[in-house]
Trainee: 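Here it is: the structure, laid out below.
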Amino acid sequence: QVQLVESGGGLVQAGGSLRLSCAASGLSFSSYIMGWFRQAPGKERELVAGIPWSGDYTYYADSVKGRFTISRDNAKNAVYLDMNSLKTEDTAVYYCAAAKNSNLLRLGVISGNWGQGTQVLVSS
């Protein structure tokens, strides 16, 4: 069974930075495109970044482009999200996810279940 554990969230002042980490198990890591989603209170879960196993391209939502960087270390079965110039609008619970292809990732059709996520709270 696919299992993903997020960590690294916390409270940060606007303009600051955080690095989120995702540890994966129960899957052939290189067979999946990985992504980060977030869900703010009262909002739908949205895809903010994605990266295939090859790492030869990345996807970012317009709202985070230029501020967030997604990366993966296949040898460590890990995915990271480096968040810079954080805004109060970035406040949300962040989840990592695995999908078989980019279309499924964008649709939120993931392998396994959603984990507990990690909370990011950006103060003004």
Side-chain angles (χ1 to χ4, degrees):
Q1 182 170 42
V2 175
Q3 188 169 107
L4 306 173
V5 180
E6 303 94 341
S7 62
L11 175 64
V12 64
Q13 187 177 7
S17 301
L18 283 174
R19 190 184 208 196
L20 306 184
S21 299
C22 174
S25 63
L27 76 166
S28 178
F29 191 65
S30 63
S31 298
Y32 291 84
I33 182 170
M34 302 297 296
W36 286 93
F37 290 77
R38 68 184 181 186
Q39 187 166 28
K43 302 286 185 65
E44 291 185 351
R45 184 184 291 112
E46 64 171 336
L47 177 65
V48 298
I51 185 169
W53 71 268
S54 62
D56 58 0
Y57 71 88
T58 54
Y59 164 83
Y60 298 98
D62 289 342
S63 59
V64 307
K65 194 171 297 181
R67 299 188 298 116
F68 290 11
T69 302
I70 187 172
S71 61
R72 67 190 292 169
D73 186 337
N74 292 336
K76 295 181 178 180
N77 283 8
V79 187
Y80 308 98
L81 186 68
D82 291 296
M83 305 183 295
N84 300 303
S85 301
L86 282 162
K87 304 175 180 179
T88 56
E89 307 96 275
D90 297 318
T91 294
V93 177
Y94 284 72
Y95 304 87
C96 64
K100 296 300 294 184
N101 59 60
S102 59
N103 288 334
L104 292 178
L105 184 70
R106 294 187 178 99
L107 291 170
V109 182
I110 63 169
S111 298
N113 299 314
W114 296 104
Q116 67 177 13
T118 186
Q119 174 75 58
V120 173
L121 180 60
V122 184
S123 63
S124 60

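None of the values given here were measured: they were computed from a predicted structure.
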Trainee: Transitively linked via ILVMFWY side-chain contacts under 4.5 Å: Val48 with Tyr95?
Mentor: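 Val48 does not cluster with Tyr95.
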Trainee: Rounded to the nearest 0.5 Å, how far does CZ of Arg72 lie from OG1 of Thr58?
Mentor: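 Spacing of OG1 (Thr58) from CZ (Arg72) equals 12.5 Å.
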Trainee: What's the spacing between Ser71 OG and Met34 CE if we round to 0.5 Å?
Mentor: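 The OG atom of Ser71 sits 11.5 Å away from the CE atom of Met34.
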Trainee: If a pair satisfies salt bridge (Lys or Arg N to Asp or Glu O under 4.0 Å) and one of its residues is in residues 103-116, list it, with sequence neighbours excluded.
Mentor: none
Trainee: For residues 112-123, tabulate all N or O donor-acceptor pairs below 3.5 Å that involve a side-chain atom, not counting sequence neighbours.
Mentor:
residue	atom	partner	partner atom	Å
Thr118	OG1	Gly9	N	3.0
Gln119	NE2	Ala92	O	3.3

Trainee: If the condition is side-chain hydrogen bond (donor to acceptor under 3.5 Å, both in side chains), which residues does Ser17 pass it with, not counting sequence neighbours?
Mentor: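 Applying side-chain hydrogen bond (donor to acceptor under 3.5 Å, both in side chains) to Ser17 gives Asn84.
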Trainee: Tell me the closest heavy-atom pair linking Ala14 and Ser124, and the distance in Å.
Mentor: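 Scanning both residues, the minimum pair turns out to be CB-CA, 4.4 Å.
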Trainee: According to ring pair (Phe, Tyr, Trp, His ring centres under 6.0 Å), does anything in residues 40-82 pair up with another residue at least two apart or in another chain? List the pairs.
Mentor: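 Ring pair (Phe, Tyr, Trp, His ring centres under 6.0 Å) check on residues 40-82 returns no pairs.
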Trainee: So which atom in Leu105 and which in Gly50 form the shortest heavy-atom distance, rounded to 0.1 Å?
Mentor: CD2-CA, 4.1 Å
Trainee: Hey, mind stepping through Val12 and Met83 against side chain to side chain contact (heavy atoms under 4.5 Å, CB included) and telling me if it holds?
Mentor: CA-CA 11 Å; Val12 64; Met83 305 183 295; over 6 Å; no
Trainee: Is Tyr32 linked to Trp36 within one hydrophobic cluster, defined over Ile, Leu, Val, Met, Phe, Trp and Tyr using a side-chain heavy-atom separation of less than 4.5 Å?
Mentor: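 Same cluster.
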Trainee: Nearest 0.5 Å please: distance from the SG atom of Cys22 over to the CG atom of Asn77.
Mentor: 10.0 Å
Trainee: Arg38: which residues meet the salt bridge (Lys or Arg N to Asp or Glu O under 4.0 Å) condition with it, sequence neighbours left out?
Mentor: Glu46, Asp90
Trainee: According to salt bridge (Lys or Arg N to Asp or Glu O under 4.0 Å), does anything in residues 17-34 pair up with another residue at least two apart or in another chain? List the pairs.
Mentor: Arg19-Asp82
Trainee: How close do Ala49 and Leu47 get, counting heavy atoms only, and between which atoms?
Mentor: O-CD1, 3.3 Å
Trainee: Any chain of hydrophobic side-chain contacts (each under 4.5 Å) joining Ile33 to Ile110?
Mentor: yes
Trainee: Just by modelled atom types, is the Cys96 backbone N or O under 3.5 Å from a matching donor or acceptor in the Glu6 side chain?
Mentor: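 Pair found, side chain donor or acceptor close to backbone of Cys96.
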Trainee: For the hydrophobic clusters of this structure (ILVMFWY residues joined by side-chain heavy atoms under 4.5 Å, transitively), does one cluster hold both Leu86 and Leu20?
Mentor: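 Yes, Leu86 and Leu20 fall within the same hydrophobic cluster.
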Trainee: Determine, using the 4.5 Å side-chain heavy-atom cutoff (strictly less than), whether Phe37 and Ile70 are members of one ILVMFWY cluster.
Mentor: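 Phe37 and Ile70: separate clusters.
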